[in-house]
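The block underneath contains the structure these notes are about, expressed in structure tokens.
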Amino acid sequence: MSNIANAFKDGTAFIGFVTAGDPNKEKSIQYILDMAESGCDLIEIGIPFTDPLAEGPVIQQANLRALESNINTDDVFDILEEVRKKSDVPLVFLTYINPVLAYGYEKFFSKCNDLEIDGIIAPDLPFEEKDEIDEIAKNHGIDVISLIAPSSKERIQMIASDATGFIYVVSSLGVTGIRNEIETDLEVIIDEIRNVTDIPTAVGFGISTPEQARDISKVSDGVIVGSAIVKIIGDYGENASEPLKKYVKEMKDACR
């Protein structure tokens, strides 16, 4: 049983994303802890990858920065081992299936269990192929998080009925990135999800402002922010701690 439910127990969860190892191992540890201390109820951890096909330019650049620092999957686990010495914040991986396959499924999910990593989101793993990792992950107490996009349509209830942990509702078609407006009728999608499950929903892709977070928190159980956080790290590098904490606090306050 994962720790994800704790992220949603006190109202709308604020979920932040960061690429592990950006800009380096030491600062990555600090920034994850900063996010947890400043209001993130759950943190998504990106494993650096050469072909992050669902990501926009901001997160692509973060992957490149981490890879240029020679960060590999073992380094990511080292980072989270240090985080776990100081924080029990729920953690999930947001990664592509190739790094997990290359590491070895059994070895990967066993290591996740050891470090109390609660779930995995794999944007390039179709729902119909989820069985490839589902059983191994469950055997180690790791939730495989389902994604539902505006294009899911007639598949929404099928995906939702099988979901564990939380459901990642993709706000917009396309890749990740900051958007001025969210035009998808999220309320309709989330109502359809809630017809078949009480698993929490969290909306991501394009959210960057407190106003957007406030609006989405009215219909969803969680608000996910990635590119805006990663951009702060990209802009400030090794001096991102204070602006990062300020931003996370503002976004968490908006979710309340």
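The model shown is predicted, which means the values in this text are computed figures rather than measured ones. For reference, positions follow the sequence shown, starting with 1.
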If every non-hydrogen atom of Ala254 is compared with every non-hydrogen atom of Ser217, which pair is closest and at what distance? O-OG, 4.1 Å
In plain terms, say whether Arg84 and Glu81 are close enough for a salt bridge, that is, a side-chain N and a carboxylate O under 4.0 Å apart. no
Between OG of Ser28 and CD1 of Ile233, what distance do you get to the nearest 0.5 Å? 7.0 Å
Run the salt bridge (Lys or Arg N to Asp or Glu O under 4.0 Å) test against Lys138 and tell me which residues pass, sequence neighbours left out. Asp134
Closest approach of Val248 and Gly39, non-hydrogen atoms and distance? CG1-N, 3.9 Å
Just how far is it from atom CG of Asn3 to atom CG of Asp118, taken to the nearest 0.5 Å? 5.0 Å
Under-4.0 Å salt bridge between Glu250 and Lys246: yes
Report yes if some heavy atom in the side chain of Phe14 is under 4.5 Å from a heavy atom in the side chain of Asp253; otherwise report no. no
For residues 106-113, tabulate all N or O donor-acceptor pairs below 3.5 Å that involve a side-chain atom, not counting sequence neighbours.
unit_1, atom_1, unit_2, atom_2, d
Glu106, OE2, His140, NE2, 2.8
Asn113, ND2, His140, O, 2.6

Quick test of your reading: applying ring-ring contact (aromatic ring centres under 6.0 Å, His included), list the pairs with at least one residue in residues 15-51, sequence neighbours left out, ordered by first then second residue. Phe49-Tyr96
How long is the straight-line distance from CD of Glu192 back to CD1 of Ile156, given to the nearest 0.5 Å? 4.5 Å
Answer yes or no: does atom CD of Glu116 have more than 12 heavy-atom neighbours from other residues, nucleotides or ligands under 6.0 Å? no
Rounded to the nearest 0.5 Å, how far apart are CG of Leu115 and CG of Asp78? 9.0 Å
Do the side chains of Val92 and Ile120 get nearer than 4.5 Å, heavy atoms only? no
Closer than 3.5 angstrom, by distance alone: can the side chain of Lys245 be matched with the main-chain N or O of Ser38 as a donor-acceptor pair? no
Does Thr19 use its side chain to pair, donor to acceptor, with the backbone of Ile59 at less than 3.5 Å? no
Hey, are the side chains of Glu68 and Asn24 touching, using non-hydrogen atoms and a 4.5 Å cut-off? no
Enter the distance from Ser69:OG to Glu26:CD here, rounded to the nearest 0.5 Å. 9.5 Å
What pairs with Ser241 under side-chain hydrogen bond (donor to acceptor under 3.5 Å, both in side chains), at least two apart in sequence or on another chain? Gln30, Asp34
State the CE-CG distance between Met35 and Leu42, to the nearest 0.5 angstrom. 10.0 Å
Check whether Tyr105 and Val76 end up in the same hydrophobic cluster, where Ile, Leu, Val, Met, Phe, Trp and Tyr are linked by side-chain heavy atoms less than 4.5 Å apart. yes
Does the side chain of Cys40 come within less than 4.5 Å of Ile32's, by heavy atoms? no
Kindly write out the residues that satisfy side chain to side chain contact (heavy atoms under 4.5 Å, CB included) with Asp162, not counting sequence neighbours, or none if the list is empty. Phe127, Lys130
Pair Phe77, Ile47 - check side-chain contact (heavy atoms from CB on, under 4.5 Å), show working. CA-CA 10 Å; Phe77 281 124; Ile47 297 176; over 6 Å; no
Would you please name every residue forming a side-chain hydrogen bond (donor to acceptor under 3.5 Å, both in side chains) with Lys9, sequence neighbours left out? none
Side-chain contact test, heavy atoms from C-beta onward, threshold under 4.5 Å: evaluate it for Ile190 versus Val203 and give yes or no. yes
Could you please spell out the steps behind the side-chain contact (heavy atoms from CB on, under 4.5 Å) verdict for Ile167 and Thr197? CA-CA 10 Å; Ile167 295 170; Thr197 183; 4.0 Å; yes
May I ask you to decide if the ring planes of Phe205 and Tyr168 are parallel, tilted or perpendicular, using 30° and 60° as cut-offs? perpendicular
Does any non-hydrogen side-chain atom of Ile136 lie less than 4.5 Å from one of Ile133? no
Please evaluate residues Leu147 and Ile121 with respect to the criterion side-chain contact (heavy atoms from CB on, under 4.5 Å), reporting the C-alpha separation (whole Å), side-chain torsions for both, the decisive distance (0.1 Å), and the verdict. CA-CA 8 Å; Leu147 291 97; Ile121 305 164; 3.6 Å; yes
Is the shortest heavy-atom distance from the side chain of Thr209 to the side chain of Gln212 under 4.5 Å? yes
Among Asp143, Ile142, Ile4, which one satisfies side-chain contact (heavy atoms from CB on, under 4.5 Å) with Thr164? Asp143
Okay, side chain of Glu129, backbone of Leu125: is any donor-acceptor separation there less than 3.5 Å? no
For the backbone of Gly222 and the side chain of Ser220, can you confirm whether one donor and one acceptor N or O come within less than 3.5 Å of each other? yes
Are Leu33 and Leu91 in one and the same hydrophobic cluster, where Ile, Leu, Val, Met, Phe, Trp and Tyr link if side-chain heavy atoms are under 4.5 Å apart? yes
Single-linkage hydrophobic cluster, 4.5 Å side-chain cutoff, Val18 and Tyr236 together: yes
Between Arg194 and Asp221, does at least one N-O distance fall below 4.0 Å, as a salt bridge requires? yes
Write down the atom of Gly16, the atom of Ile229, and the distance for their closest heavy-atom approach. CA-CD1, 3.7 Å
Just so I know, are the side chains of Gln60 and Arg65 near enough to count as touching, which here means a heavy-atom distance under 4.5 Å? no
So Asp191 and Val188, side-chain contact (heavy atoms from CB on, under 4.5 Å) or not? Walk me through it. CA-CA 5 Å; Asp191 282 348; Val188 169; 5.8 Å; no
Taking the side chain from Asp41 and the backbone from Ile15, do they hold a donor-acceptor pair closer than 3.5 Å? no
Sole candidate of Ile148, Leu186, Ile193 that passes side-chain contact (heavy atoms from CB on, under 4.5 Å) when paired with Thr201: Ile193
Linking I/L/V/M/F/W/Y whenever any side-chain heavy atoms sit under 4.5 Å apart, do Leu67 and Phe93 land together? no
Considering all heavy atoms of both residues, which atom of Ala163 and which atom of Ile199 are nearest to each other, and what is their separation? O-CG1, 3.8 Å
Correct closest heavy-atom pair for Tyr247 and Ala228 would be OH-CB, 3.3 Å
Give a yes or no answer on whether the side chain of Ser87 reaches the backbone of Val83 with a donor-acceptor pair at less than 3.5 Å. no
Answer yes if Ile189 and Val219 sit in the same cluster of Ile, Leu, Val, Met, Phe, Trp and Tyr residues linked by side chain heavy atoms under 4.5 Å apart, and no otherwise. yes
Nearest heavy-atom pair of Ile71 and Pro48: which atoms, and what distance? CG2-CG, 3.9 Å
